[in-house]
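What follows is a set of notes on a single structure, which appears directly below.
Keep in mind that the numbers below use all heavy atoms, side chains included, and drop hydrogens, waters and symmetry copies. Please read these numbers as outputs of a predicted model, since none were measured by experiment.
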Amino acid sequence: MANRTDPAAKSIRGTNPQNLVEKIVRSKIYQNTYWKEQCFGLTAETLVDKAMELDHIGGTYGGNRKPTPFMCLVMKMLQIQPEKDIVVEFIKNDDYKYVRVLGAFYLRLTGIDSDIYRYLEPLYNDYRKVRRKSPDGNFMLTHVDEVIDELLTRDYSCDIALPRIKKRWTLESLGVLDARKSVLEDDFEEEEEKDEMEQDGLEEEVAHEKDYYRARSPARERERDWRRDSHRHRDWDYDRDRDYDRERGRGRDRERDRDRDRDRDRDRYRLREEKEYGYERERDREREGRERDRRDRERGRRRSHSRSRSRERKRHGRSSMSPRRHEAEDGNAPEESKKKGKKEKKEKKDDGTDHPDPEIAEANRIRASLGLKPLKL
């Protein structure tokens with residue numbers, strides 16, 4: 001019953017006001033001793049006394065994430081939902097800075113966009129120091145205006161996700177808010193007017209002094225004489241400068257023409273080199289193609305000749321019998337066949353096809369087919 005929302009409370013942003021705090025943080029608050037002892041039975045009137053006792057702000061801290069009294073009072077305000085006038089009085093309280101921060105935090109959670117900007121932006125001028133408990137349990141120093149800036153620009157503050165609000169320029173374009181006016185704007189205008197008056201007075205005084213001393217100074221006469229003499233030489237200086245500019249322009253034109261000719265010669269030489277190089281490459285390709293065709297023809301000729309020689313040998317081996325076998329069959333071979341066999345062996349030896357080097361033997365076979373003499377190496 002102690003943790004329930006007031007039955008008369010209205011829903012905020014379509015949900016129970018206590019649901020604006022995450023469930024884990026909410027359960028930590030319900031289990032905290034400060035919540036059970038100090039926040040039980042508080043009303044909107046008695047809540048002010050507890051808020052005046054605050055000495056720091058913060059969310060949760062420590063290893064078990066204990067909530068601070070500031071967070072417990074924020075949860076109590078969400079539970080009892082005080083009226084808007086009470087919250088505005090909290091924000092306008094100049095004596096107790098922690099009461100002001102408590103009201104601003106609650107308005108940021110539950111208020112509409114226009115009210116948030118209208119009531120929180122004036123707190124940018126509050127530069128008082130406040131203590132804040134960090135998540136590791138140590139205290140750190142901050143200021144009221146820094147806390148307000150965090151509420152208006154950040155998505156998280158004191159371990160609570162802040163509801164999204166529209167940008168200020170959007171509300172200005174819709175006509176809901178007026179343009180923001182700084183508190184120091186009047187002071188700035190007074191300072192600007194004072195500076196302008198001082199500047200105007202100083203300029204008038206300086207101009208008056210200049211006129212006075214120019215009228216009575218003897219240096220004024222010398223200046224007049226110098227100006228009169230300078231008019232005589234002005235035409236000569238003008239002619240000299242004009243001639244110098246003309247000569248310099250001519251020199252620039254000559255340099256430009258020289259650079260143009262040099263670039264043209266360089267381009268012509270490069271094109272000629274590219275053309276010659278292209279012709280040489282074309283000739284080299286044709287030469288390589290002819291050499292490749294010649295090598296292919298020779299290789300094909302060798303292969304065809306070797307195949308024909310092998311076929312002849314196989315045919316000759318099948319049709320003819322060796323002399324030894326013939327002698328074995330007939331017994332008495334004629335002398336002419338013996339002489340013929342010796343002559344064939346001698347011719348075989350003379351054509352160089354039985355050379356121990358296979359390359360030379362192959363070359364001799366080709367030369368023999370062409371009717372050339374064998375190589376004897």
With side chain to side chain contact (heavy atoms under 4.5 Å, CB included) as the criterion, how do D115 and K84 come out once you've worked through the C-alpha distance, each side chain's angles and the decisive distance to 0.1 Å?
CA-CA 10 Å; D115 289 342; K84 181 180 177 181; 2.9 Å; yes
Apply the test side chain to side chain contact (heavy atoms under 4.5 Å, CB included) to residues L152 and I116: give CA-CA distance (whole Å), side-chain angles for both, the deciding distance (0.1 Å), then the verdict.
CA-CA 8 Å; L152 292 177; I116 291 173; 3.7 Å; yes
Any side-chain heavy atom of [X] within less than 4.5 Å of one from [Y]?
| X | Y | answer |
| --- | --- | --- |
| V144 | V130 | yes |
| T5 | P17 | yes |
| V48 | N93 | no |
| Q38 | C72 | no |
| K76 | W35 | yes |
| L123 | D145 | no |
| V25 | M75 | no |
| T142 | E150 | no |

Over all atoms of both residues, closest heavy-atom pair of [X] and [Y]:
| X | Y | value |
| --- | --- | --- |
| Y117 | P122 | O-CD, 4.2 Å |
| S114 | L177 | O-CD2, 4.0 Å |
| T60 | P67 | CG2-CA, 4.1 Å |
| R13 | R108 | NH2-O, 4.3 Å |
| D159 | E22 | O-OE1, 3.7 Å |
| L109 | L20 | O-CD1, 3.6 Å |

Kindly indicate, with the supporting measurements, whether the criterion side chain to side chain contact (heavy atoms under 4.5 Å, CB included) is fulfilled by C158 and M71.
CA-CA 8 Å; C158 297; M71 186 55 58; 3.6 Å; yes
Pair F90, Y106 - check side chain to side chain contact (heavy atoms under 4.5 Å, CB included), show working.
CA-CA 10 Å; F90 276 30; Y106 175 77; over 6 Å; no
For the atom pair [atom1] ([X]) and [atom2] ([Y]), what is the distance rounded to the nearest 0.5 Å?
| X | Y | atom1 | atom2 | result |
| --- | --- | --- | --- | --- |
| I80 | D6 | CD1 | CG | 8.0 Å |
| R131 | Y98 | CZ | OH | 6.0 Å |
| D113 | L174 | CG | CG | 10.5 Å |
| K133 | T68 | NZ | OG1 | 7.5 Å |
| L102 | I91 | CG | CD1 | 10.0 Å |
| R4 | Q79 | CZ | CD | 11.0 Å |

Does a side-chain N-to-carboxylate-O contact under 4.0 Å join [X] and [Y]?
| X | Y | answer |
| --- | --- | --- |
| D265 | R262 | no |
| E362 | R365 | yes |
| D293 | R290 | no |
| E146 | R132 | no |

If we ignore hydrogens and angles and just use 3.5 Å, is the side chain of [X] paired with the main-chain N or O of [Y] as donor and acceptor?
| X | Y | answer |
| --- | --- | --- |
| R26 | Q18 | yes |
| K97 | H143 | no |
| Y119 | K92 | no |

Over 12 foreign heavy atoms within 6.0 Å of [atom1], [X]:
| X | atom1 | result |
| --- | --- | --- |
| R294 | CZ | yes |
| E286 | CD | yes |
| Y30 | OH | yes |
| I24 | CD1 | no |

Output, in order, the C-alpha distance, side-chain angles, deciding distance and verdict of salt bridge (Lys or Arg N to Asp or Glu O under 4.0 Å) for E288 and R285.
CA-CA 5 Å; E288 290 177 359; R285 283 199 208 95; over 6 Å; no
Would you say [X] and [Y] are hydrophobically clustered, going by side-chain heavy atoms of ILVMFWY under 4.5 Å?
| X | Y | result |
| --- | --- | --- |
| L54 | Y61 | no |
| L107 | L73 | yes |
| M52 | V87 | yes |

Side-chain H-bond candidate by donor/acceptor type, Y124 with D149, under 3.5 Å:
yes
Start with the C-alpha gap between R100 and D94, add the side-chain angles, then the distance that decides, and say whether salt bridge (Lys or Arg N to Asp or Glu O under 4.0 Å) holds.
CA-CA 7 Å; R100 169 172 282 186; D94 294 331; 2.2 Å; yes
